[in-house]
Amino acid sequence: MDGYQKYREQSVYSMSPSELLLLLYDEAISRMTKAEYALEEKEYTLFEDCLQRTTRIVRYLIEILDIQQPIGGDLWRIYNYLIYDISRIMAGRERRKDEIGRVRNILSELRGAFDEASRKAGDTHFTQNRSVMG
């Protein structure tokens, strides 16, 4: 494992749960943006890969969801809607390309809400100073 890879792995392990959640949202948003560009360039393999990865992230968000929390049921419904909508985008490609932005916007809104909630809850997590190798 090279130094950068090791550094990335260590930084993920040192993140708080809210930081990890935001990282998942960031990756899902990034993948939806890449899917949009891939569709414009007619790179359908990359397009489908990005949508599949986003779907896996959303499925993971469902898996880690605490349904006992008051907002849990609402998030479960939103996440399942996102999976449904992503599958429609994948199946419809050109006909559904305008929905990519809508899905990305929902993910961005959720990310913003979780970021704000973690700030209000005072979720601070300080990492140790680590040196970058390589």
Side-chain angles (χ1 to χ4, degrees):
M1 183 182 303
D2 69 348
Y4 178 71
Q5 186 97 8
K6 194 172 188 174
Y7 168 75
R8 283 184 55 190
E9 186 176 303
Q10 287 176 345
S11 67
V12 167
Y13 287 133
S14 66
M15 290 180 167
S16 70
S18 61
E19 289 171 324
L20 288 170
L21 183 64
L22 295 177
L23 185 65
L24 287 170
Y25 277 114
D26 288 341
E27 183 63 22
I29 293 164
S30 172
R31 291 292 173 174
M32 291 304 292
T33 300
K34 287 179 184 178
E36 190 170 37
Y37 290 127
L39 185 59
E40 288 173 7
E41 298 297 320
K42 301 197 183 307
E43 293 181 24
Y44 297 120
T45 304
L46 177 60
F47 168 76
E48 290 179 5
D49 179 63
C50 289
L51 293 181
Q52 287 170 353
R53 287 177 185 241
T54 303
T55 299
R56 284 196 301 262
I57 291 169
V58 175
R59 286 188 194 282
Y60 180 72
L61 291 171
I62 290 171
E63 192 177 301
I64 64 171
L65 186 62
D66 184 359
I67 204 73
Q68 301 304 318
Q69 296 299 318
I71 196 169
D74 293 332
L75 286 171
W76 186 85
R77 285 188 287 284
I78 291 169
Y79 292 153
N80 277 292
Y81 170 76
L82 288 172
I83 290 170
Y84 169 76
D85 216 19
I86 291 168
S87 68
R88 288 181 53 211
I89 293 167
M90 195 178 310
R93 285 188 188 162
E94 301 293 338
R95 293 175 300 171
R96 305 264 187 227
K97 67 181 176 184
D98 57 321
E99 294 183 26
I100 295 173
R102 191 166 49 79
V103 169
R104 186 177 51 234
N105 187 50
I106 292 169
L107 290 166
S108 295
E109 291 288 327
L110 287 169
R111 187 214 183 276
F114 276 107
D115 187 30
E116 183 67 26
S118 70
R119 289 174 198 261
K120 285 185 179 181
D123 182 17
T124 56
H125 180 77
F126 299 99
T127 59
Q128 298 173 355
N129 289 337
R130 299 186 188 268
S131 61
V132 178
M133 306 294 286

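Residue Gln68 places its CD atom among 12 or fewer non-hydrogen atoms of other residues, nucleotides or ligands, all under 6.0 Å distant. More than 12 heavy atoms of other shown residues, nucleotides or ligands fall within 6.0 angstrom of atom OH in Tyr44.
Not a single salt bridge (charged side-chain N to carboxylate O under 4.0 Å, His left out) links Arg59 to another residue, sequence neighbours left out. For Tyr79, there are no ring pair (Phe, Tyr, Trp, His ring centres under 6.0 Å) partners at least two apart in sequence or on another chain. Residues passing the ring pair (Phe, Tyr, Trp, His ring centres under 6.0 Å) test with Tyr81: none are found, sequence neighbours excluded.
If you chain together hydrophobic residues whose side chains sit under 4.5 Å apart, Leu22 and Ile62 fall into the same group. Using a 4.5 Å cut-off between side-chain heavy atoms of Ile, Leu, Val, Met, Phe, Trp and Tyr, with links allowed through other members, Ile78 and Tyr25 fall into the same hydrophobic cluster. Hydrophobic clustering of Ile, Leu, Val, Met, Phe, Trp and Tyr side chains at less than 4.5 Å, counting indirect connections, unites Trp76 with Val58.
Scanning both residues, Leu51 and Ile86, for their nearest heavy atoms gives O-CG2, 3.7 Å. Minimum interatomic distance between Ile57 and Ala28 (heavy atoms only, all atoms of both residues): CD1-N, 3.7 Å. Residues Cys50 and Lys34 approach most closely at SG-CB, 3.6 Å, considering heavy atoms. Here the closest heavy-atom approach between residue Arg31 and residue Thr54 is recorded as CB-OG1, 3.1 Å. Closest approach of Gly72 and Ile67 over heavy atoms only: O-CD1, 3.5 Å. The heavy-atom pair separating Met32 from Ile100 by the smallest distance is O-CG2, 3.4 Å.
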- [ ] Evaluate the side-chain contact (heavy atoms from CB on, under 4.5 Å) criterion for residues Leu110 and Ile106: first the C-alpha distance (whole Å), next the side-chain angles of each, then the deciding distance (0.1 Å), finally the verdict.
- [x] CA-CA 6 Å; Leu110 287 169; Ile106 292 169; 4.2 Å; yes
Open item on the list: As a quick check of understanding, evaluate side-chain contact (heavy atoms from CB on, under 4.5 Å) for Arg53 and Glu27, giving each step before the final call.
Closed with: CA-CA 9 Å; Arg53 287 177 185 241; Glu27 183 63 22; 5.6 Å; no
Task: side-chain contact (heavy atoms from CB on, under 4.5 Å) evaluation trace for Arg77 with Asn80 - done: CA-CA 5 Å; Arg77 285 188 287 284; Asn80 277 292; 5.9 Å; no
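Contact annotation: the side chain of Asp85 approaches that of Arg102 to within less than 4.5 Å [non-hydrogen atoms, C-beta and beyond]. Residues Glu40 and Lys97 form no side-chain contact, since every pair of their non-hydrogen atoms from C-beta on lies 4.5 Å or further apart. Between Leu75 and Phe114 the shortest side-chain heavy-atom distance falls below 4.5 Å.
Using a 4.0 Å cut-off between charged side-chain N and carboxylate O, Glu116 and Arg119 make no salt bridge.
A distance of 14.5 Å separates CZ in Arg88 from CD1 in Ile83, rounded to the nearest 0.5 Å. Interatomic distance, CG of Leu21 versus OG of Ser118, reported as 8.5 Å (0.5 Å rounding). Atom OG in Ser108 sits 12.0 Å away from atom CG in Asp115 (nearest 0.5 Å). Atom CD1 in Ile29 sits 7.5 Å away from atom OG1 in Thr33 (nearest 0.5 Å). Going from atom CE of Met90 over to atom CG of Asp49 covers 9.0 Å, rounded to the nearest 0.5 Å. Atoms CG and CG, from Leu61 and Leu82 in turn, are 9.5 Å apart once rounded to the nearest 0.5 Å.
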